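Heads up, the thing below is written out as structure tokens.
Throughout, protein chains are lettered first and strands after them, A, B, ... in sequence-line order, and every chain is numbered starting at 1. If you're wondering where the values come from, they're calculated on a predicted model, not measured in any experiment.
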Amino acid sequence: MNGGHDLGGMHGLGPVEAEPGEPPFHEEWERRAFALTLAMGFHGAWNIDASRHARENRHPVDYLSSSYYELWLKGLERLLAERGIVDPAEIGHGHAAGPRPEGMRPAHDPETAAAILARGGDARRDGAAPPRFRPGDRVLVRERAVPGHTRAPRYCRGRVGTVDRDHGGFVLPDTNAHGLGEAPQHCYSVRFAARTLWGEAASPHDAVYVDLWDGYLEPAP
Amino acid sequence: MNGGHDLGGMHGLGPVEAEPGEPPFHEEWERRAFALTLAMGFHGAWNIDASRHARENRHPVDYLSSSYYELWLKGLERLLAERGIVDPAEIGHGHAAGPRPEGMRPAHDPETAAAILARGGDARRDGAAPPRFRPGDRVLVRERAVPGHTRAPRYCRGRVGTVDRDHGGFVLPDTNAHGLGEAPQHCYSVRFAARTLWGEAASPHDAVYVDLWDGYLEPAP
Amino acid sequence: MANQDGDAPPIAARVKALEQVLVEKGLVDPATLDLLIDTYETKVGPRNGARVVARAWTDPDYRRRLLDDATSAIAELGYTGRQGEHMLVVENTPAVHNMVVCTLCSCYPWPVLGLPPVWYKSAPYRSRAVLDPRGVLREFGLELPEEVEVRVWDSTAELRYLVLPERPAGTDGLSEEELAALVTRDAMIGVARVGPPGARP
Amino acid sequence: MANQDGDAPPIAARVKALEQVLVEKGLVDPATLDLLIDTYETKVGPRNGARVVARAWTDPDYRRRLLDDATSAIAELGYTGRQGEHMLVVENTPAVHNMVVCTLCSCYPWPVLGLPPVWYKSAPYRSRAVLDPRGVLREFGLELPEEVEVRVWDSTAELRYLVLPERPAGTDGLSEEELAALVTRDAMIGVARVGPPGARP
């Protein structure tokens with residue numbers, strides 16, 4: 001989606017502000033929202049792409065005026081509501097109105113959780129179609145103004161870059177976020193001259209590298 | 001600028017909502033903000049491009065959460081402050097702290113105002129450089145991610161269209177908004193196939209026409 | 001952070017204070033403000049555009065002049081001035097449907113349509129009219145056949161656009177004035193068609 | 001209109017209520033939440049990344065492995081898992097300066113850097129790092145010569161980037177541990193250089 005989260009290249013958002021001490025969390029609720037999101041993720045009721053989409057898919061004012069962990073909370077609430085795991089009314093009352101949905105396992109204990117964290121989630125997949133591009137190929141990023149999830153930022157769509165490396169086959173976020181399967185494709189690092197993206201406002205020496213899936217690209221004309 | 005005002009092609013902003021009766025104004029302050037903006041515009045202390053930039057050049061959350069006449073008011077306040085005509089503190093106190101700046105004429109009476117409205121403001125200018133393009137020419141919209149005012153929407157930058165007609169020489173907003181002169185250029189209606197702008201999400205039959213100045217364009221490769 | 005204009009008093013009070021300051025400085029005349037408001041609230045409106053459309057429907061020469069040089073043809077009927085200095089009229093046909101937007105602000109042809117409605121100025125219309133015109137038209141109740149070409153005019157410069165809708169069937173006997181009464185503002189923005197007599201909402 | 005999640009109670013209460021609901025349903029274990037918080041608040045952080053950098057500075061074979069297959073080389077030092085599954089290390093040289101961002105959300109290599117600071121997740125950094133990297137670097141106090149190539153890595157997929165900064169002059173006699181103490185998190189994101197001993201902020 002062309003959403004408020006797609007920030008690359010926007011003006012008017014102000015200076016980058018340093019912060020003394022830079023604690024990872026600023027309020028107790030941020031700690032809990034962070035941990036709840038991770039812990040509920042362990043259940044596998046959604047994947048990371050669905051969870052990114054649940055955070056980004058909202059009015060730009062809502063997105064841009066919410067803090068980072070506020071977006072995590074809103075995303076989590078939406079995922080839980082959409083899947084019938086927690087009704088918003090239950091949060092309003094502060095108590096569960098029913099048991100956990102059938103088929104969901106009980107809470108992960110600390111040891112299991114630690115093992116899941118350490119294992120991580122490998123997003124690389126065998127079975128992708130053969131790569132259509134090779135390092136050095138000039139590619140055009142296709143315009144696809146679809147309302148769903150995608151990881152091609154607007155600033156590089158319709159622009160020509162050069163494939164820098166092939167990362168291998170990876171789960172495709174565009175389908176995976178919407179329950180349409182992992183549909184793995186090769187994912188490439190594509191180098192764009194900064195001037196291709198921003199015109200003469202940019203330095204002729206600089207470049208931006210964007211990781212883009214095979215289907216996002218076509219051979220440059 | 002790539003600002004929150006550049007809305008063409010964004011998702012997530014909700015449905016278009018009809019309104020019963022559709023009054024031009026909803027509150028008395030809207031009437032006054034509208035009229036104050038017009039009346040102060042008559043003084044010629046700024047031009048229409050500067051006034052558009054004063055409205056758009058703000059944080060996207062400020063822009064998108066302000067109503068239309070709220071943006072007019074904020075723009076007017078900024079123009080008045082930047083030019084030393086009204087200090088924000090005077091608005092705070094509700095009284096003028098000093099006379100009107102030297103060189104500014106007194107208020108326009110109703111008859112003069114009516115005549116100015118009826119005359120309008122012709123933005124066409126002689127003296128533009130000869131047009132570099134003709135109807136039928138294929139043109140590429142240059143990327144110019146400048147922080148100042150421009151009227152080339154992001155959605156058509158880097159895209160190829162066809163010149164539909166030449167409107168003649170017009171004041172260039174990019175310079176005029178910033179007090180850098182009218183620098184007139186030919187302005188064209190450029191036709192873009194909807195699929196060029198949005199990919200397969202769009203109908204193959206549809207097109208978007210955008211009015212673009214000569215310097216925004218280069219010959220399509 | 002979001003509001004760069006700082007902590008401001010409630011907006012109605014702010015506007016009142018600003019008017020007071022400008023009046024005290026002798027820069028605005030309250031009678032002039034009243035005139036400006038009255039002009040755009042009660043005098044200038046889509047009935048002007050409707051008369052232009054009805055004339056074009058009944059007078060082939062006028063229609064031709066309107067499509068060739070809209071500013072002059074519209075001035076013939078007395079509609080001129082601010083935000084109508086450079087007019088273009090785009091004509092709907094069975095094969096082409098035109099629709100007008102201003103994605104960057106809310107440019108609108110004041111002398112023929114008056115001030116724009118809230119939806120025209122809204123972020124949803126400005127974002128979607130160019131991206132998904134058929135979806136927007138559907139929300140206005142207009143479902144266009146796939147083969148009709150939709151042309152969206154983004155008013156990014158000082159040109160102002162008026163759509164010349166198709167004359168509805170069953171209006172052969174109507175006078176110019178009766179025809180004008182059929183023409184809606186939405187049809188002249190291009191988010192509706194003009195319905196036959198008696199079918200108006 | 002703006003907040004699509006409706007009228008919600010204050011956020012701290014909302015989080016507390018959500019935790020209570022999930023605990024009552026037996027879906028989360030409070031002890032597990034405590035472990036997750038403790039892990040990322042006190043155990044995982046940029047000291048991990050600093051050790052990787054110091055090792056690369058002192059061990060040419062390790063440096064080669066790190067640039068060839070960062071995930072495995074980083075795993076040699078025991079740093080693995082969530083948000084570090086697919087690592088890439090990009091090396092600064094006198095001619096090339098690398099800088100990392102995630103414009104679409106806030107992807108960040110947790111096992112080597114911990115959780116990101118607020119500025120990395122902020123709209124200003126995400127919008128400007130790709131558009132005006134030199135301006136952003138200047139705000140961090142780093143003015144790069146015009147001829148240095150700035151490479152900005154936008155973490156749009158599951159690859160996570162770590163910048164291998166240049167080893168500062170005057171550090172020949174230092175141990176790997178002493179070198180690691182010089183390496184800042186900002187240098188591994190690419191918004192700073194590593195200063196010589198004694199010059200750290």
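- Among all heavy-atom pairs drawn from A:R151 and D:C105, the shortest one is NH1-SG, 3.3 Å.
- If you measure heavy-atom distances from A:H43 to chain D, the contacts under 4.5 Å come from the side chain alone.
- Using cut-offs of 30° and 60° on the angle between ring planes, the pair A:Y209 and D:W153 is parallel.
- For a residue to count as touching a neighbouring chain, one of its non-hydrogen atoms must lie under 4.5 Å from one of that chain's; by this rule A:T112 does not touch chain D.
- One finds the CG atom of D:L36 at 11.0 Å from the NE2 atom of A:H108 (value rounded to the nearest 0.5 Å).
- Looking at A:D87, there are no atoms closer than 4.5 Å to chain D (heavy atoms on both sides), in backbone or side chain.
- Looking only at distances, no side-chain donor or acceptor of D:E158 sits under 3.5 Å from a matching main-chain atom of A:A123.
- Between D:D154 and A:D211, the closest side-chain pair of non-hydrogen atoms is not below 4.5 Å.
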Practice task
For the pair A:H205 and D:E147, evaluate side chain to side chain donor-acceptor pair (under 3.5 Å) and give the outcome as yes or no after the intermediate values.
Solution key: CA-CA 7 Å; A:H205 301 291; D:E147 66 276 13; over 6 Å; no
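- Taking all atoms of both residues into account, the shortest heavy-atom contact from A:A33 to D:V15 is N-CG1, 3.8 Å.
- With chain D as partner, the option from A:A18, A:A97, A:G4, A:G98 having the largest number of non-hydrogen pairs under 4.5 angstrom is A:G98.
- In this structure, CG in A:L73 is found 4.5 Å from CZ in D:R14, a value given to the nearest 0.5 Å.
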